[in-house]
Protein chains: 2
Amino acid sequence: MSEAENEWLPQPDVDDIELVKVLQALADPVRLSLLKAYAAGKRFNCSPEELGVAHLHKSTVSHHMKIMREAGLTSTRAVGRNRYVQLRRDDLDARFPGLLDSLLKSLPD
Amino acid sequence: MSEAENEWLPQPDVDDIELVKVLQALADPVRLSLLKAYAAGKRFNCSPEELGVAHLHKSTVSHHMKIMREAGLTSTRAVGRNRYVQLRRDDLDARFPGLLDSLLKSLPD
DNA sequence: GAGGTTGTTGGATGATTGTCAAACGGTACG
DNA sequence: CGTACCGTTTGACAATCATCCAACAACCTC
């Protein structure tokens, strides 16, 4: 049994989260799907099937996750082969009060 | 003196405003500047200077305004040579409650 | 260690986008 | 009427982007 690593993937500091980049990260139907999945608590692994984007290649999903993380939308912890992703709710709410909530309420079914 | 026309430029119906398109329309620094100008009540003419994007060609500004209008963000009334633009506050708030408010509060200076 | 799993990276490609410039079309007003 | 004005449209161009595929790296299990 190897030492369980617990490494956080690089992400911008709270104060460096830019509105334009957040909006750019959200301006894509696939990433809105990911946002919805993350908001629903799906935080374990990145398989396209479980994230509701089964039609996409896994590298494409990885690409979208990177964009969201680098925009400041998500945090990712790498543990072994898995990625544990979660929304940066507190950080986003501190920086853009109410934005995430109204977004999540406005997401299409 | 010619008859003063009062023609509304084409825009989506309230129920047809899509979140993705709204976000795409907002995911650009220039259009965020326009949003800010419109929110501040600058509704008369489309000159790049008065809208705070003096570095851009007038056709570029016209292009951005069209994108915002077709996304459902703005309403435009054409009167003579002028364009009277305003935010669709009520429509946006009906469709995405709280979104516009939190956005406007989050706009950079 | 071998082989299967999970996610990332690089290249390639087609589509979209932001911008400008020039031409165009109404409009206002001498 | 002619000219200046204001915004739109079109074409062109470079840049960015979303996607796939193949190769790779790290990990887990047998």
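Both backbone and side-chain heavy atoms feed into the values below; hydrogens, waters and symmetry mates do not. Just so we're on the same page: letters track the sequence lines, and every chain starts at 1. If you're wondering where the values come from, they're calculated on a predicted model, not measured in any experiment.
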Sugar-phosphate only, base, or nothing, as touched by B:V30 at under 4.0 Å among non-hydrogen atoms: sugar-phosphate
Interatomic distance where CE belongs to A:M65 and C1' belongs to D:dA18 [whole Å]: 16 Å
Whole-Å distance separating the NE2 atom of B:H63 from the C1' atom of D:dG7: 15 Å
B:H57 vs C:dT19: side-chain N/O to OP1/OP2 distance below 4.0 Å: no
Smallest separation among heavy atoms of A:I17 and A:R95, with atom names: O-NE, 2.8 Å
Separation of atom CD in A:E70 from atom C1' in D:dC17, rounded to whole Å: 14 Å
Pairwise 5' ranking along DNA chain C for A:R81 and A:S59, keeping only the more 5' one: A:R81
Below 4.0 Å: OP1/OP2 of D:dG7 and any side-chain N or O of B:S62: no
Test side chain to side chain contact (heavy atoms under 4.5 Å, CB included) applied to B:T74 and B:K66, B:R69, B:Q11, the passing residue: B:R69
Distance, rounded to the nearest Å, where A:D28 contributes CG and C:dA15 contributes P: 17 Å
Step-by-step side-chain contact (heavy atoms from CB on, under 4.5 Å) determination, A:L104 to A:L35: CA-CA 8 Å; A:L104 292 178; A:L35 180 77; 3.9 Å; yes
Sugar-phosphate only, base, or nothing, as touched by B:H64 at under 4.0 Å among non-hydrogen atoms: sugar-phosphate
Beyond-backbone contact of B:R88 with B:V14, side-chain heavy atoms, under 4.5 angstrom: yes
Per A:K58 side chain, nearest of listed nucleotides D:dC20, D:dA23, D:dA18: D:dA23
N or O in side chain of B:K66 less than 4.0 angstrom from D:dG7 OP1/OP2: no
Between C1' of C:dG18 and CD of A:Q24, the distance in whole Å: 12 Å
Minimum side-chain heavy-atom gap B:P108-B:K36 below 4.5 Å: no
Whole angstrom value for the distance that separates P of C:dG7 from CZ of A:R69: 13 Å
Between D:dT8 (P) and B:L9 (CG): distance, integer Å: 7 Å
A:I67 CD1 to C:dT9 C1', straight-line distance once rounded to whole Å: 14 Å
